[in-house]
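All chains are named by letter (A, B, ...) in the order of the sequence lines, taking the proteins before the strands, and each is independently numbered beginning at 1.
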Number of protein chains: 2
Amino acid sequence: MLPLLLLAGFRTLIDDLHAELARQGHPELRPLHGFVLQAVGTDGTTASELGNRLGVSKQAAGKTVDRLVALGYLERADDPRDARRKLVRLTPYGLDGLRRSAVVFDELRQRWTEALGADRVAAIEDDLRRVTPANWFRLDIPGWFTG
Amino acid sequence: MLPLLLLAGFRTLIDDLHAELARQGHPELRPLHGFVLQAVGTDGTTASELGNRLGVSKQAAGKTVDRLVALGYLERADDPRDARRKLVRLTPYGLDGLRRSAVVFDELRQRWTEALGADRVAAIEDDLRRVTPANWFRLDIPGWFTG
DNA sequence: GTAGTTTGGTCAACGTGGTTGACCAAACCG
DNA sequence: CGGTTTGGTCAACCACGTTGACCAAACTAC
């Protein structure tokens, strides 16, 4: 039963997150996009590296970048030191979306903390860390989900 | 941070589940299919009702049923009492997949319990139940995830 | 320095899971 | 009986993923 509850918890929270983001001027930001913006990060990256970070093929990563470029969240630029590489960077709009995601995410986490108590939340996080691969997602990328 | 850990936990567990199911003769069973078989249940249902249970449109439910029929997990039959309805039922093969899913799922849950201790798992489940809609997924459908 | 290999990006074809809109026939209801 | 609701399907489309093929730039080795 636990895993179904995990999924339910995650889904409802992500739904809440994007409903609030839509209200704040980012109606087109889909659940996946937040993770992609996080993985691109303030330093930028390339499509292949993005695929590695997200665990998908470079082609899939490239197509997702295409969509986010079309939406104005990302931009591509040539790498002066390697003509093969195309750097992918956050636009100011993309940075705004990323920051708002982080803020709303923290607010929602705060709600959980109020409902359960800070000690309970910390205990659950600690437990989960023990049974899940710590770096399945790049939890260490700064600036996101760092509540 | 908690929600990302929820997702990581769910993903890794579902991946483990389907790796084991592939070993047991169900290599084509995708993560979604288990939920669909569960929602169909031993009593059978219709495409529209299935859509309601899973929270998707009747068309999407119908297409998923098509695929599971093609794979041999489900079958369609006419409803003698309502010529509009097409009953969707588990085939023996589908029932086998459903049962194996339940067994493997329980084994994986057992691993979590061993790692955390039964009291910790019970406490987490209790906590999550408090902050997630209890019936987001039909947790009350008997015969699945009833560890 | 030229030849062979690795790497980054893209294109094409395809599969899966989802949407909305249109439509038909059967059932229900006044 | 006539109008509305319901169940199923078809069509078009979108998001996200896959593999395979391919090209050009970069690296490596002789």
Exercise. Below 4.0 angstrom from OP1 or OP2 of C/dT16, is there any side-chain N or O of B/T64?
Worked result: no
For this session: State which residues pass side chain to side chain donor-acceptor pair (under 3.5 Å) with B/R85; sequence neighbours excluded, sorted by chain then number.
Result: B/D79
Exercise. 5'-most contact on DNA chain D: A/A61 or A/P80, nearest heavy atom basis?
Worked result: A/A61
Exercise. Starting at CG of B/D79 and ending at P of C/dA27, how long is that distance when rounded to a whole Å?
Worked result: 9 Å
For this session: Summarise how protein sits on nucleotides 6-15 of chain C as a single string, 5' to 3': B when a protein heavy atom is under 4.0 Å from the base, S for sugar-phosphate-only contact, - for no contact.
Result: -BBBBB-B--
Exercise. So, do A/L29 and A/L37 sit near enough that their side-chain heavy atoms are less than 4.5 Å apart?
Worked result: yes
For this session: Starting at atom CG of B/L50, determine the distance to atom P of C/dG18, rounded to an integer number of angstrom.
Result: 10 Å
Exercise. Think B/H33 has a side-chain N or O under 4.0 angstrom from the OP1 or OP2 of C/dT16?
Worked result: no
Exercise. Counting any heavy atom closer than 4.0 Å, what does B/R30 reach on the DNA or RNA strands: base, sugar-phosphate only, or nothing?
Worked result: sugar-phosphate
Exercise. Measuring from A/T46:OG1 to A/L87:CG, what's the distance to the nearest 0.5 Å?
Worked result: 7.5 Å
Problem set entry | Test log, rule side chain to side chain contact (heavy atoms under 4.5 Å, CB included), inputs A/V69 and A/V88 | CA-CA 9 Å; A/V69 167; A/V88 174; 6.0 Å; no
Problem set entry | A/D78 CG to D/dA24 P, straight-line distance once rounded to whole Å | 16 Å
Problem set entry | Nucleotide of D/dT18, C/dG17, C/dT19 approaching A/A60 most closely (side-chain heavy atoms) | D/dT18
Exercise. Under a 4.5 Å cut-off applied to non-hydrogen side-chain atoms, are A/L71 and A/H33 in contact?
Worked result: yes
For this session: Could I get the full list of salt bridge (charged side-chain N to carboxylate O under 4.0 Å, His left out) partners for B/R23, not counting sequence neighbours?
Result: B/E20
